[in-house]
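Sequential numbering from 1 along the given sequence is applied to the chain's residues. All values reported here derive from a predicted model rather than from experimental measurement. In listed order, ligands and their atoms are each counted from 1.
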Amino acid sequence: MNQRKITIAIDGFSACGKSTLAKDLAKRLNYVFIDSGAMYRAAALYCLNHQLIQNGVLEKEAINAQLKQMAIHFEVIDQELHIFLNGSDVSDAIRQPEVAGIVSIVAAYKPIREKLVEAQQKMGEKGGIVMDGRDIGSVVFPNAELKLFVTADPEIRVQRRLAEMKAKGILMNRDEVRENLAERDHLDSTREESPLIQVADALVLDNSHLSKEEQLEWVLQKVALLVAN
Ligand code: DC
């Protein structure tokens, strides 16, 4: 039987394991997975490459003039989601500390958000999508059938981000990671444009003490109930 394909919106602070959950869910459900944070990171990389940010300040006029030329798209290669910026695979480059250091500033700029949100909504037009980010349940897919707000203990998040960076060969100092996460959380949740909020109809998932498998099963049960109705 062909099951109804729903839209799943996952929001939460940095390094809460949102993308891992979204990726696992999409694989089990045979849905499309989109990491919207990767798009903001690619936009930040574009700004770095084109000197559109100087000392943490955006060159807004130049960004407005160039925005049409910034092309971001995804491709699945060997079952992994890769992100491309103007034709180049930047999946690794967007994880560098230089990008993490400025991405929240870039993501707070309205014209950039408008461009990326439009692309995200297009990707989700047909349902059958799991997207993670900060404004997915509030702005991108306000009608999503399932909205999750993922949280985890701050120190556990620092630990997870350190391990993730180490696996990519990027060695970072614990205090640096803690500071970067705290700063990004603050900027992401206090900005004027689409701040990170927990919408009223989101289910809260605190995964501090859950394994990858446990959190996946928890969500799959919610999905099963939704698609059965
Ligand atoms: O999920 P992430 O850490 O890769 O996200 C990178 C940055 O992009 C983060 O500082 C918040 C921002 N972001 C956003 O503003 N809206 C989204 N939908 C996703 C990410």
Side-chain angles (χ1 to χ4, degrees), residues 7-23 33-48 53 56 58 70 72 74 80-83 85 90-124 129-142 144 147-152 154 156-158 160-165 167-168 170 172 176-199 202 207:
T7 297
I8 304 178
I10 305 182
D11 291 299
F13 292 109
S14 300
C16 277
K18 299 183 301 290
S19 292
T20 305
L21 172 63
K23 199 188 295 180
F33 156 59
I34 297 294
D35 170 1
S36 70
M39 298 170 76
Y40 288 96
R41 285 169 179 265
L45 182 63
Y46 184 90
C47 290
L48 276 180
I53 183 164
L58 297 177
M70 180 183 81
I72 295 172
F74 288 101
E80 283 294 326
L81 188 72
H82 285 244
I83 187 158
L85 174 62
V90 293
S91 311
D92 290 332
I94 60 165
R95 302 291 159 195
Q96 295 298 324
E98 294 74 21
V99 173
I102 61 152
V103 63
S104 286
I105 299 169
V106 174
Y109 189 44
K110 189 172 180 182
I112 289 190
R113 297 204 72 80
E114 284 173 345
K115 178 177 167 111
L116 299 188
V117 167
E118 191 186 331
Q120 290 154 6
Q121 289 175 332
K122 218 170 190 169
M123 290 188 267
I129 189 165
V130 190
M131 190 177 290
D132 77 288
R134 306 294 187 290
D135 61 341
I136 312 305
S138 57
V139 174
V140 181
F141 300 132
K147 298 180 184 178
L148 299 169
F149 189 86
V150 186
T151 69
I156 291 178
R157 292 162 52 205
V158 171
R160 287 180 184 159
R161 182 51 51 96
L162 274 171
E164 182 191 329
M165 300 301 269
K168 290 187 193 325
I170 305 169
M172 281 185 80
E176 236 180 308
V177 170
R178 186 183 294 112
E179 242 169 65
N180 176 253
L181 289 183
E183 191 187 320
R184 281 208 284 145
D185 287 349
H186 177 72
L187 287 173
D188 295 342
S189 42
T190 56
R191 70 182 176 216
E192 215 168 291
E193 281 310 314
S194 321
L196 168 66
I197 49 163
Q198 182 189 318
V199 289
N207 66 15

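- At least one donor-acceptor pair under 3.5 Å links the side chain of Q121 to the backbone N or O of V140.
- K18 contributes no side-chain N or O that, together with a main-chain N or O of D132, makes up a donor-acceptor pair within less than 3.5 Å.
- Summary of contacts: the protein heavy atom closest to atom 19 (C) of ligand 1 is S36 OG, 3.3 Å.
- For the pair E183/L187, a side-chain contact is recorded, criterion being any heavy-atom separation below 4.5 Å from C-beta on.
- Taking 4.0 Å as the cut-off, R191 counts as a neighbour of ligand 1 on heavy-atom distance.
- Residue-ligand proximity, A107 to ligand 1, at heavy-atom distances under 4.0 Å covers atoms 12 (C), 15 (O).
- By the criterion of a heavy-atom distance under 4.0 Å, neither the backbone nor the side chain of V140 is placed next to ligand 1.
- For ligand 1, the atoms sitting less than 4.0 Å from at least one non-hydrogen atom of D135 are 16 (N), 17 (C), 18 (N), numbered in the order shown with element in parentheses.
- Among R191, R161, R157, the one residue that satisfies the salt bridge (charged side-chain N to carboxylate O under 4.0 Å, His left out) test with D185 is R157.
- The nearest heavy-atom contact from the protein to atom 11 (C) of ligand 1 is D188 OD2, 3.2 Å.
- At a 4.0 Å cut-off, at least one heavy atom of R113 sits close enough to ligand 1 to count as contact.
- Proximity of a side-chain donor or acceptor of D135 to a complementary backbone N or O of S138 within less than 3.5 Å is not detected.
- Contact annotation: the side chain of I129 approaches that of F141 to within less than 4.5 Å [non-hydrogen atoms, C-beta and beyond].
- In summary, the side chains of Y40 and R134 do not present any donor paired with an acceptor at a separation below 3.5 Å, with no hydrogens or angles considered.
- In this structure a side-chain-to-backbone donor-acceptor pair under 3.5 Å is present from D11 to G137.
- Summary of contacts: the protein heavy atom closest to atom 10 (O) of ligand 1 is S104 OG, 2.8 Å.
- Scanning the protein heavy atoms around atom 2 (P) of ligand 1, the nearest turns out to be R134 NH2, 3.6 Å.
- At a 4.0 Å heavy-atom cut-off, ligand 1 touches R184 through the side chain alone.
- With a 4.0 Å cut-off on non-hydrogen atoms, R41 touches ligand 1 through its side chain and not its backbone.
- Residue-environment remark: NZ (K23) stays at or below the threshold of 12 foreign heavy atoms within 6.0 Å.
- Ranked by closest heavy atom to atom 7 (C) of ligand 1, the top entry among V99, V103, D35 is V103.
- The atoms of ligand 1 that sit less than 4.0 Å from any heavy atom of I136 are 18 (N).
- Among protein heavy atoms, the minimum distance from atom 8 (O) of ligand 1 is reached at Y40 CB, 3.5 Å.
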